[in-house]
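In what follows, chains are A, B, ... by sequence order, proteins preceding strands, each numbered from 1. Keep in mind that what you see is a predicted model, and the values were worked out from it rather than measured.
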Amino acid sequence: MKFGVVVSEGPYTHQASDTAYHFVVSALEAGHEVPRVFFYHDGVNVGTRLSVPPQDERNIQAQWTDLAARHKIDLVVCIAAAQRRGILDENEATRQGKDANNIAEGFRISGLGQLIEMGIQTDRLLMFGD
Amino acid sequence: MKFGVVVSEGPYTHQASDTAYHFVVSALEAGHEVPRVFFYHDGVNVGTRLSVPPQDERNIQAQWTDLAARHKIDLVVCIAAAQRRGILDENEATRQGKDANNIAEGFRISGLGQLIEMGIQTDRLLMFGD
Amino acid sequence: MATLHTVNKSPFATKALQSCLAHARDGDVILMIEDGVYGATAGTDLADVLAGHSALKIYVLEPDLQARGLDTGRLLDGVSTVDYAGFVDLAATTDRTMAWL
Amino acid sequence: MATLHTVNKSPFATKALQSCLAHARDGDVILMIEDGVYGATAGTDLADVLAGHSALKIYVLEPDLQARGLDTGRLLDGVSTVDYAGFVDLAATTDRTMAWL
Amino acid sequence: MSEDVKKFLYVNRKAPYGTIYALESLEVVLIGAAFDQDVSLAFLDDGVFQLTRGQDTTGIGMKNFSPTFRALGDYDVTKLYVERESLEERGLSADDLQEIMYEDEDDDWAEKPSIRIVSRAEMADIFAEQDVVLSF
Amino acid sequence: MSEDVKKFLYVNRKAPYGTIYALESLEVVLIGAAFDQDVSLAFLDDGVFQLTRGQDTTGIGMKNFSPTFRALGDYDVTKLYVERESLEERGLSADDLQEIMYEDEDDDWAEKPSIRIVSRAEMADIFAEQDVVLSF
């Protein structure tokens, strides 16, 4: 079965991104597919490569980057939500005249259409938020 | 009278940083002092210079940067909260081996002691959060 | 020695207002801001929540009311409106502020 | 055609669980996760909230229970525990998932 | 309806302005309209506050997005279910909500109201018909 | 007490782990302890869940910060007020909370409990004595 997953809250502040991560790991272990995870609202903040969590805490961004690489998961950060909150990739930074970008490896910035497409193409959609 | 202000939630997602802004503007207009605003929890995300809000929306970071410059307000972003969430200045970025930083003009990163100090040195402390 | 309590949540969504009211003391001031302004409207299932608290002064932030399309005619009896300047005055004239987040 | 409802808020803090229960239909499944697990404990002021919903299947995510120091012995009668793998199974064996955020 | 069409429901349970969920929900609806799915919106609990008339955000310095609801008809989003019990608990009636109309192409483009007041039980039935439920 | 000493109260009303407020509140308390102010902590509403015994976060992959409460005595943070009504509403009693002790330097370093169960009315009185109230 194909699961689509939405993460609606930022890392560390809410448990949502952690629960989503454990759900996806378990879904993959059970033989299901998770072709895409969509990060919306404050969820876009999961995709920054600038976070430096304490050494005795999990690194939420790194967990997702690693999982996505191993299982070819498309980690999509919503462009509209990301712009408001200051999550940019190199293209966006150039386009907006910003002198830096902060997107993490394995994440890509794209439009809300990717969320709808995920809803159409997967069998179940799960939302993790606040 | 001296007011200390804490902003505990990120920009756009919660109204907290807006309400805090309007409170500070009105306090200054009434002749009060606001020597410092402390950004904690997701509030640290107010201090990113990478946000690009839609043109018909207010720019929350720019509002604070401008207000702080005109009234000499010390905008302090909590270092511990900022590290988790990926808000870094140039020093922190270098120290943590990160290739970019995203702190906005007028904001500085410092420790939680600045929050306690604000509580000691001001007459009233206001918290805006979720 | 009064406390200014700020409530920024809808009482239909969270228990913040109820907890605030249960801990406020006579003479304290309650200011409803942001989504908290819904707690000041009449004719709701929760209108009774404020009843029996006549020893408190209840204010609501008018810009937040207007944003939400709530006319001041909808307010419960005894609730007054303030603007941001009035919010500042309340914070200055009470002895401490407590946010019910 | 059952729905899996996920509830991640404490029922002592927000109205999410109550609203979920008011909209769930016979045969639906409710899974309490994160701070939602507090809704599955016995001996509380809210234990009655789940009463009268015997046509629902109620689950609680055990890792979240353990994190919060709640022993399964505290659970209300009729509440079952699942781990993350069980959560996946519930999502796969119901027809849709609805999050009560 | 083709079998490629899924029933999408956008569930709105939060008040506007205090948090951004209502606004960002609307942004999804507008983008999603291009995908030719069977779209409905549900407003219950504090979500009914999103539809009140007369919202004026000048004083809080935020953008008033409530007029956007009136544009939904142009995007063929014409089913806005509002829960009666949620309105009543909040001291609201249908008259307190803004008028949202659409032109029915199957009925000689007659103007019809998009808002449909439903009971809690009817809302539960609507939930149970969906393929995809997005919560805001 | 010198007049430079203010009464600081940290108010904890949220459950642990679902959100970070409880953990980041504790971080403020630890830093604040260096400032020689008159510090108290209040636990009410879902905040009482922060102090439950036997928290084991292995399964959720988060750090268990509950042992840190037991270190507060070493930082001279010795007044942890817990509201009785909040416990009772949640089916908890004092026995469900972890033991948090401090050594009283004014009483020959006798070990004493830091947790003080108070009524809601007493909690309201504690609030009214403070100079600075920080809410988490």
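- Looking only at heavy-atom pairs under 4.5 Å with chain B, the residue among A/R84, A/K98, A/Q61, A/H41 that has the most is A/R84.
- Between chain B and the options A/G10, A/P54, A/G86, heavy-atom pairs under 4.5 Å are most frequent for A/G86.
- Interface remark: B/N59 contributes no atoms to any contact with chain A (heavy atom separation under 4.5 Å).
- Ring centroids of B/W64 and B/F107 are separated by 6.0 Å or more, keeping the two rings apart.
- Contact annotation for B/E92: neither backbone nor side-chain heavy atoms come within less than 4.5 Å of a heavy atom of chain A.
- Proximity to chain B is limited to the side chain of A/T48, based on heavy atoms less than 4.5 angstrom apart.
- Distance alone, capped at 3.5 Å, places no donor-acceptor pair between the A/T65 side chain and the A/G106 backbone.
- A/F3 pairs in a ring-ring contact (aromatic ring centres under 6.0 Å, His included) with only one of the listed residues (A/F23, A/F38, A/F128), which is A/F23.
- The side chain to side chain donor-acceptor pair (under 3.5 Å) test with A/N101 is passed by exactly one of A/E90, A/R49, A/Q96: A/R49.
- At a 4.5 Å heavy-atom cutoff, the contact between A/E57 and chain B is made by side-chain atoms alone.
- Of the possible polar contacts, one joining the A/Y12 side chain to the A/I60 backbone as a donor-acceptor pair under 3.5 Å is found.
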